[in-house]
Amino acid sequence: MLVGHIQEITRHPVKSFTGEQVQKTRVMDYGLYGDRSHAFKDKNGKFLTITQVPEMVRYQAAFSGEETLDQYPEIKVKTPTGQVLAWGGEAFHEEMERLLNQEATTIVYPPGNIPLGAIEEENILLVSDASIGELTKLWGKELDGRRFRQNLVLSLVNKTPFLEEQWFGKRILIGNEVELEIKRYCERCMIITVDPSDSQRDPTLLKTVVKERNNHFGVYASVIKIGEIRVGDQVFLKD
């Protein structure tokens, strides 16, 4: 059954940086190619994220070049001032020292294997356009979808908000190759309170999600069949 099409594809080459919207990409066993492949860890070996350093969200990371399985394309990081830095360069490290303001190490996972932990609890996070629209109404403010750090936005044929939550245990086919199994709710945390444009916090969004949605927004999916996806690909719910 046709349920919609892919409206947006977003991957986050650097964990907790703002990601990049792409027109096409590979879906790997772990999720979107290169998603959360680069990260920072503190002196105790724990990931540094927006939770500890809200200003991380004001840095945008994007791959620059062709996706290959041997190595990643070069990562370009755009700072809040508009400066563009190459991952691993001297200027980049100086900027990260200022940003993180603590002892930290960089970690890079290979293109073929990014573990859970770097990627959160399942391979892919998706939401629908109808759900974003309904939450905007519930919150009563303009909603920047980047707050939710999803990988896929589906444009639904049936514009029923939160329809995707009825697909748990079912599989969706994207285009001609990729198959995902919808697993469960995404439980939200304080990260959605951080505005990607200026890193300012607004706790009322999380309070709204807790009150109106039992702290659920978006659904997690695991990868069943890998392949390439594109914006505009049709999405089918399998029987």
Side-chain angles (χ1 to χ4, degrees), residues 1-12 15-19 21 31-32 35-36 47 49-54 56-58 116-172 174 180-224 231 235-238:
M1 178 177 67
L2 177 66
V3 293
H5 67 268
I6 300 296
Q7 179 175 299
E8 293 179 6
I9 303 172
T10 304
R11 64 182 172 201
H12 303 82
K15 186 175 177 67
S16 274
F17 283 11
T18 289
Q21 288 193 13
L32 300 188
D35 194 41
R36 278 83 168 188
F47 288 109
T49 70
I50 298 167
T51 303
Q52 299 95 344
V53 188
M56 290 178 77
V57 77
R58 299 185 65 202
L116 293 179
I119 296 175
E120 293 302 330
E121 301 175 41
E122 294 289 348
N123 304 137
I124 287 178
L125 176 61
L126 64 89
V127 300
S128 72
D129 57 348
S131 299
I132 293 173
E134 182 64 17
L135 185 57
T136 301
K137 293 177 183 177
L138 292 171
W139 190 33
K141 300 180 183 181
E142 185 176 353
L143 190 59
D144 187 333
R146 295 178 299 171
R147 289 176 181 265
F148 301 106
R149 307 189 69 77
Q150 71 278 339
N151 298 119
L152 303 177
V153 176
L154 306 187
S155 177
L156 298 178
V157 173
N158 176 355
K159 301 296 186 183
T160 299
F162 316 113
L163 182 65
E164 58 271 27
E165 296 175 0
Q166 299 178 22
W167 301 343
F168 295 147
K170 298 181 179 181
R171 296 183 179 184
I172 58 173
I174 303 175
L180 308 178
E181 182 174 335
I182 308 301
K183 304 292 285 190
R184 55 193 173 81
Y185 298 108
C186 175
E187 294 187 6
R188 291 300 176 170
C189 66
M190 63 72 59
I191 284 177
I192 69 171
T193 70
V194 181
D195 188 333
S197 62
D198 59 13
S199 72
Q200 296 301 304
R201 297 187 184 187
D202 186 341
T204 63
L205 178 56
L206 183 57
K207 290 178 180 178
T208 298
V209 175
V210 170
K211 178 183 177 182
E212 303 290 346
R213 299 290 309 140
N214 197 28
N215 202 28
H216 297 151
F217 187 73
V219 296
Y220 283 120
S222 58
V223 176
I224 304 300
V231 170
V235 180
F236 297 88
L237 185 65
K238 299 189 70 175

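Quick note: numbers below take in every heavy atom, side chains included, and nothing from hydrogens, waters or symmetry partners.
Without hydrogens or angle criteria, Ser222 side chain to Glu122 main chain gives no donor-acceptor distance under 3.5 Å. Looking only at distances, no side-chain donor or acceptor of Glu134 sits under 3.5 Å from a matching main-chain atom of Ser131.
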Indicate every side-chain donor-acceptor pair of residues 212-220 with a distance under 3.5 Å to a residue at least two apart or in another chain.
{"residue": "Arg213", "atom": "NH2", "partner": "Glu165", "partner atom": "OE1", "Å": "2.6"}
{"residue": "Arg213", "atom": "NH2", "partner": "Glu165", "partner atom": "OE2", "Å": "2.4"}
{"residue": "Asn215", "atom": "ND2", "partner": "Arg188", "partner atom": "O", "Å": "2.9"}

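Here the closest heavy-atom approach between residue Arg36 and residue Ala118 is recorded as CG-O, 3.3 Å. The minimum heavy-atom distance between Leu205 and Ile192, with the atom names listed, is CD2-O, 3.3 Å. Shortest non-hydrogen contact noted between Arg11 and Leu32 is CB-CD1, 4.1 Å. Shown here for Ser199 and Pro54, the closest heavy-atom pair between the two residues is CB-O, 3.7 Å. When all heavy atoms of Leu126 and Ala221 are compared, the closest pair comes out as CD2-CB, 4.4 Å. Of all heavy-atom pairs between Thr18 and Pro196, the closest is OG1-CB, 4.4 Å.
How far CZ of Arg171 is from NZ of Lys238: 7.0 Å, rounded to the nearest 0.5 Å. Here the CZ-CD1 distance, from Phe17 to Ile50, works out to 10.0 Å after rounding to the nearest 0.5 Å. For the atom pair CG (Leu116) and CG (Asn123), the distance works out to 6.5 Å, reported to the nearest 0.5 Å. Here the NZ-CG distance, from Lys159 to Asp129, works out to 3.5 Å after rounding to the nearest 0.5 Å. Rounding to the nearest 0.5 Å gives a distance of 7.0 Å between CD1 of Ile132 and CD of Gln7.
Taking the side chain as every heavy atom from C-beta outward, Leu180 and Leu152 approach each other to under 4.5 Å. A 4.5 Å side-chain heavy-atom check between Leu163 and Val3 finds every atom pair outside the cut-off. Under the 4.5 Å side-chain criterion, counting only non-hydrogen atoms from C-beta, Leu237 is in contact with Lys170. You'll find the side chain of Glu164 reaches within 4.5 Å of the side chain of Leu156, heavy atoms only. No side-chain heavy atom of Leu206 sits under 4.5 Å from any side-chain heavy atom of Arg201. Leu125 is not listed as a side-chain neighbour of Phe148, based on a closest heavy-atom distance of 4.5 Å or more. A 4.5 Å side-chain heavy-atom check between Asp195 and Arg147 finds at least one atom pair inside the cut-off. Residues Asn151 and Ile9 fail the side-chain proximity criterion, which asks for heavy atoms closer than 4.5 Å.
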Note to self: Determine whether Arg149 and Val57 satisfy the following criterion, side chain to side chain contact (heavy atoms under 4.5 Å, CB included), listing intermediate values before the conclusion.
What the structure shows: CA-CA 10 Å; Arg149 307 189 69 77; Val57 77; 4.1 Å; yes
Check: Between Ser197 and Arg146, is a side chain to side chain contact (heavy atoms under 4.5 Å, CB included) present by the stated rule, with each step listed?
Finding: CA-CA 9 Å; Ser197 62; Arg146 295 178 299 171; 4.3 Å; yes
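For Glu187, the CD atom sits in a loose shell: 12 or fewer heavy atoms of surrounding residues, nucleotides or ligands are nearer than 6.0 Å.
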